[in-house]
Participant: 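I have a structure I would like to understand better, so I am pasting it below and will then ask my questions one at a time.
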2 protein chains.
Amino acid sequence: MASGKNPARERVIKAASHLFYMEGIRSVSMDAIAERAGVTKKTLYYHFTSKDELIAAHLAQRDQPNLAAFSMWLAEAEGLLPERIEHFFERMASAASHPKWKGCGFQRTTAELANAPGHPARRIGAAHKKKVEQWLEDELRGAGIAEAAPLARQISVLIDGAFASMLVHRDPGYARTAGMAARTLVETALRA
Amino acid sequence: MASGKNPARERVIKAASHLFYMEGIRSVSMDAIAERAGVTKKTLYYHFTSKDELIAAHLAQRDQPNLAAFSMWLAEAEGLLPERIEHFFERMASAASHPKWKGCGFQRTTAELANAPGHPARRIGAAHKKKVEQWLEDELRGAGIAEAAPLARQISVLIDGAFASMLVHRDPGYARTAGMAARTLVETALRA
DNA sequence: GTCTATAAGCCGATAGAC
DNA sequence: GTCTATCGGCTTATAGAC
């Protein structure tokens, strides 16, 4: 479905994704998306019946790549679990150091749609974060942590806290702060 | 109209504050604010030269009450520091249980203004979070923690992570998750 | 309360593929 | 011939600002 079979549709999602992440949801117009995608608004509304649907499609497309990046950041790390977790947060910090970085798209979209709890994009965002949590739980259990679920939840809270703090203060150092906390929590769990 | 004890400017800020928090920044119009405040748009633009200025004023007004609430949540707690910190997060959870709760206004405003790093409201938001961090540091040091600064930073990341996670999943339980993590971190620091 | 700009969404028509 | 994907222009509502 999302293969190269539909150039225009793909270009629209790509354009929307870029603009939504860079500018925010509500400040981006459908006209701007159409222009950037190189299609007319008629084509845009042929593929997406509303802006809300396009917002959801944009987040849906970011789901897997995001999970893959997270997975890689942990997989590439060497050493024992505490060091590997800390490396993960170090990678968050370096990602946030890029000048175009503007926080977590899922979190920002959720914040901007706080008045629309049933919005399709909200569901996709929540599902994405749950997947992160589940992935963490599997990794922790695989590394020998017995009570993996609560620790995975705690680390996922630290991840989102790092995203939020780095954006507020424009300081990647907060990911390292979160990493130290996560390391302490993992070490404590390993001792139990 | 009904001025006197309730000056127009105050009513405008109060109306804006309510609408911005409930609906988000960009989805609230100046007309809606004027209507809710019971003033004409002429009066509104007499007190605030732009919407951006009003956004900043709204956050500035929330700064002190927010800090006061945080302070109370910790002050009212009994027991030792780890229990008191956990109580703080429990109070976050109960605040988030109210049906009208929609996350942290500072965090959501920052997210919505992610494309405007120099926006006055961004500076006020960042300053507010720094004050929270500083207040935590003072409290921790007062409770006998030597290296209070890094721990305060870690707990502030947990606070923002709790705000973000509770909003995404619409589940106050994430504040308790953050509370357990914070408790572990405090206990570890106390042992050092 | 008026102005100007711009937002989201809609419509009839059409060229090429099957 | 029908179907699919595309195009340009238009309507109505509402935005911020004075």
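In what follows, chains carry the letters A, B, and so on, assigned in the order in which the sequence lines appear, proteins first and then strands, with residues in each chain numbered from 1.
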Participant: Rounded to whole angstrom units, what separation is found between the CD atom of A:Glu53 and the C1' atom of C:dG9?
Facilitator: 13 Å

Participant: Please name all residues satisfying ring-ring contact (aromatic ring centres under 6.0 Å, His included) with A:Phe48, sequence neighbours left out, ordered by chain then number.
Facilitator: none

Participant: Please say whether more than 12 non-hydrogen atoms of neighbouring residues, nucleotides or ligands are located less than 6.0 Å from CD in A:Glu35.
Facilitator: no

Participant: Filter on ring pair (Phe, Tyr, Trp, His ring centres under 6.0 Å), then keep only pairs touching residues 10-34 of chain B, sequence neighbours left out; what's left?
Facilitator: B:Phe20-B:His58

Participant: Hey, would you say the B:Phe70 and B:Phe88 ring centroids sit under 6.0 Å apart?
Facilitator: yes

Participant: Got a sec: does the CD of A:Glu53 have more than 12 other heavy atoms crowding it under 6.0 Å?
Facilitator: yes

Participant: Within this structure, what is the CG-to-P distance between A:Leu54 and C:dA7, rounded to whole angstrom?
Facilitator: 15 Å

Participant: Tell me whether the OP1 or OP2 atom of C:dC10 has a side-chain N or O from A:Tyr45 closer than 4.0 Å.
Facilitator: no

Participant: What is the separation between atom CG on A:Asp52 and atom C1' on C:dA7, rounded to the nearest whole Å?
Facilitator: 14 Å

Participant: Within the structure, does a side-chain N or O atom of A:Tyr46 lie under 4.0 Å from either OP1 or OP2 of D:dA5?
Facilitator: yes

Participant: Expressed as a whole number of angstroms, how long is the span from B:Ile25:CD1 to D:dG16:P?
Facilitator: 11 Å

Participant: Give a yes/no on whether any side-chain N or O of A:His47 is located under 4.0 angstrom from OP1 or OP2 of D:dT6.
Facilitator: yes

Participant: If we ignore hydrogens and angles and just use 3.5 Å, is the side chain of B:Lys131 paired with the main-chain N or O of B:Ala126 as donor and acceptor?
Facilitator: no

Participant: Provide, to the nearest angstrom, the distance between the CG atom belonging to B:Leu44 and the P atom belonging to C:dG1.
Facilitator: 16 Å

Participant: Does the protein touch nucleotides 8-15 of chain D at the base, only the backbone, or not at all? Give it as B, S and - per nucleotide, heavy atoms under 4.0 Å.
Facilitator: B------S

